[in-house]
Number of protein chains: 2
Amino acid sequence: MAEIPSARDRLLAAARQLFWARGYANVSVRELAGAAEVDIALISRYFGGKRGLFQATLTDAFADIELPACGAEALVDHAVRLFVEAPRDGVTPSLLQMMLMNAHDADVGAEVRALHGDRLQKRLERLIGAPDRAALFMAALLGLSVAEKSLRLAGIARPGTAEYEAQLRHMMQAALSYRHDSRD
Amino acid sequence: MAEIPSARDRLLAAARQLFWARGYANVSVRELAGAAEVDIALISRYFGGKRGLFQATLTDAFADIELPACGAEALVDHAVRLFVEAPRDGVTPSLLQMMLMNAHDADVGAEVRALHGDRLQKRLERLIGAPDRAALFMAALLGLSVAEKSLRLAGIARPGTAEYEAQLRHMMQAALSYRHDSRD
DNA sequence: GCATCTTGTCAACAGTTGTTGACTTTCATC
DNA sequence: GATGAAAGTCAACAACTGTTGACAAGATGC
């Protein structure tokens with residue numbers, strides 16, 4: 001009982017925590033190893049280097065996310081819960097935050113965009129049907145997340161209040177109700 | 001005629017170009033000096049260091065932006081033109097892109113958020129009136145910019161087309177038409 | 001002509017980054 | 001108990017970061 005996790009597992013946990021919260025470029029391998037109480041050399045040994053460790057935190061991020069086929073109302077609920085809200089541990093930021101934090105990185109930016117940006121968009125497309133509305137819906141999701149979490153704007157971030165949820169819903173449903181007039 | 005610009009001016013121009021396009025952390029002083037064809041030491045001499053040079057590219061970014069008091073329709077036009085579209089040189093990214101690119105930086109992130117995020121929000125608030133709608137409007141602006149420029153999502157980025165503008169308008173006006181029901 | 005200030009150049013600095021190879025320890029298997 | 005693979009430790013590496021001080025050239029003022 002109370003199995004002590006292996007060095008590899010502790011490294012992975014610390015990496016997901018730190019990389020997601022502060023960004024790939026802003027975390028050094030020494031800090032990472034210190035947080036995991038592990039020798040630095042093990043990062044290269046187990047994951048091939050800093051970049052490999054970061055990739056390991058990315059690959060299974062979507063594993064437990066399942067979007068049910070449902071109406072617009074329920075979809076808004078699910079999307080907000082899954083992508084915008086922070087995970088259960090209360091420290092690691094949401095998937096969207098991580099994406100936005102690392103999307104511009106010189107080393108891993110392209111990978112993050114391809115792996116999660118496109119993947120998330122495809123999921124929403126399959127769920128919503130029309131690609132246009134899916135893209136707009138995702139843009140709304142991104143905008144609110146950026147405004148609240150990245151820029152910390154006043155007037156957006158009132159998590160848990162009914163007002164915040166009403167704002168969210170209004171914009172989401174505007175995105176979902178949009179139909180363009182060109183060929184389909 | 002054809003005045004050759006001083007080293008200080010070339011440095012400032014190269015800094016605005018490179019910092020805004022690739023982010024503060026992803027540009028080294030050596031690359032900066034090389035692009036401006038200037039000795040590295042002059043960065044510290046003239047601007048007090050890399051950070052000071054970056055700040056110099058920030059301070060006057062809002063100098064030429066003036067939002068007129070107008071209706072919702074014209075406001076959408078102005079906002080899109082001023083904040084989302086790229087400047088005239090066609091290379092330097094928009095103000096929003098620069099904000100989003102550097103908002104998470106460990107060194108200058110807080111400054112960028114405070115100087116431009118808050119400032120832009122205050123401008124929109126003064127213009128729109130209701131802080132709630134201004135925040136939502138700004139979130140919509142951010143979301144579209146992120147989706148198009150940062151994540152390069154398909155389905156959003158069709159600049160110059162009527163369809164793209166229609167999407168923009170629909171979401172913007174949804175943001176502007178929102179009213180919350182709590183106390184004001 | 002001399003002094004002074006600006007403008008620019010050069011080489012070196014100390015600090016941090018990610019990575020690696022040699023080493024010891026641990027532990028299971030024969 | 002001997003063998004050998006796995007797990008972990010240590011010190012050093014080369015590459016890069018931003019910054020600085022000493023120095024030279026040119027313009028300006030008296």
Side-chain angles (χ1 to χ4, degrees), chain A residues 2-59 98 101-102 104-112, chain B residues 2-59 98 101-102 104-112:
Chain A
E3 299 260 357
I4 61 165
S6 71
R8 193 182 184 283
D9 289 341
R10 275 180 301 165
L11 213 37
L12 203 54
R16 183 172 308 211
Q17 154 65 32
L18 285 174
F19 279 148
W20 286 40
R22 306 224 314 269
Y24 176 79
N26 292 324
V27 180
S28 72
V29 289
R30 280 172 176 79
E31 181 181 5
L32 220 29
E37 292 180 326
V38 154
D39 193 90
I40 325 169
L42 295 183
I43 295 178
S44 289
R45 178 183 284 314
Y46 287 147
F47 301 95
K50 180 187 183 185
R51 184 172 171 148
L53 177 54
F54 178 72
Q55 290 173 330
T57 70
L58 288 185
T59 45
M98 189 278 290
M101 181 115 58
N102 298 109
H104 297 106
D105 190 277
D107 291 327
V108 298
E111 198 157 9
V112 169
Chain B
E3 298 259 358
I4 61 164
S6 71
R8 193 182 184 282
D9 289 340
R10 275 180 301 166
L11 212 39
L12 203 54
R16 184 171 310 210
Q17 154 64 33
L18 285 174
F19 278 148
W20 285 41
R22 306 225 313 269
Y24 176 78
N26 292 325
V27 180
S28 72
V29 290
R30 280 171 175 80
E31 181 180 5
L32 219 29
E37 293 180 326
V38 153
D39 193 272
I40 326 170
L42 295 183
I43 294 179
S44 289
R45 179 184 283 312
Y46 287 146
F47 300 95
K50 180 188 183 183
R51 186 173 170 146
L53 176 55
F54 178 73
Q55 290 174 328
T57 71
L58 287 185
T59 46
M98 189 278 291
M101 181 115 56
N102 300 107
H104 296 106
D105 190 276
D107 291 328
V108 298
E111 198 158 7
V112 168

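Chain A is the first sequence line, chain B the second, and so forth, proteins listed ahead of strands; every chain is numbered from 1. If you're wondering where the values come from, they're calculated on a predicted model, not measured in any experiment.
Atoms CG (Leu11(B)) and P (dG18(D)) sit 13 Å apart, rounded to a whole Å. The CD1 atom of Ile43(B) sits 13 Å away from the P atom of dG8(C) (whole-angstrom rounding). Atom NZ of Lys50(A) and atom C1' of dT17(C) are 8 Å apart (whole Å). In this structure, Leu32(B) atom CG and dG18(D) atom P are separated by 9 Å, rounded to whole Å.
When all heavy atoms of Ala7(B) and Val38(B) are compared, the closest pair comes out as CB-CG2, 3.7 Å.
Residues meeting the side-chain contact (heavy atoms from CB on, under 4.5 Å) test with Ala21(A), sequence neighbours left out: Gln17(A), Pro93(A). Ala25(B) meets the side-chain contact (heavy atoms from CB on, under 4.5 Å) test with Asp105(B); sequence neighbours excluded. Shown here are the side-chain contact (heavy atoms from CB on, under 4.5 Å) partners of Ala41(B), two or more places apart in sequence or in another chain: Asp39(B).
A salt bridge (charged side-chain N to carboxylate O under 4.0 Å, His left out) check over residues 18-32 of chain A, counting only residues at least two apart or in different chains, returns the pairs Arg22(A)-Glu31(A).
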Nucleotide-resolved protein contact map, nucleotides 5-16 of chain D, B/S/- at heavy-atom distance under 4.0 Å: --SBBB-B----
For residues 46-54 of chain A, which side-chain N or O atoms pair as donor and acceptor with protein atoms under 3.5 Å away, sequence neighbours left out?
unit_1: Lys50(A); atom_1: NZ; unit_2: Tyr24(A); atom_2: O; d: 3.1
unit_1: Lys50(A); atom_1: NZ; unit_2: Val27(A); atom_2: O; d: 2.9
unit_1: Arg51(A); atom_1: NH1; unit_2: Asp107(A); atom_2: O; d: 3.3
unit_1: Arg51(A); atom_1: NH2; unit_2: Glu111(A); atom_2: OE1; d: 3.4

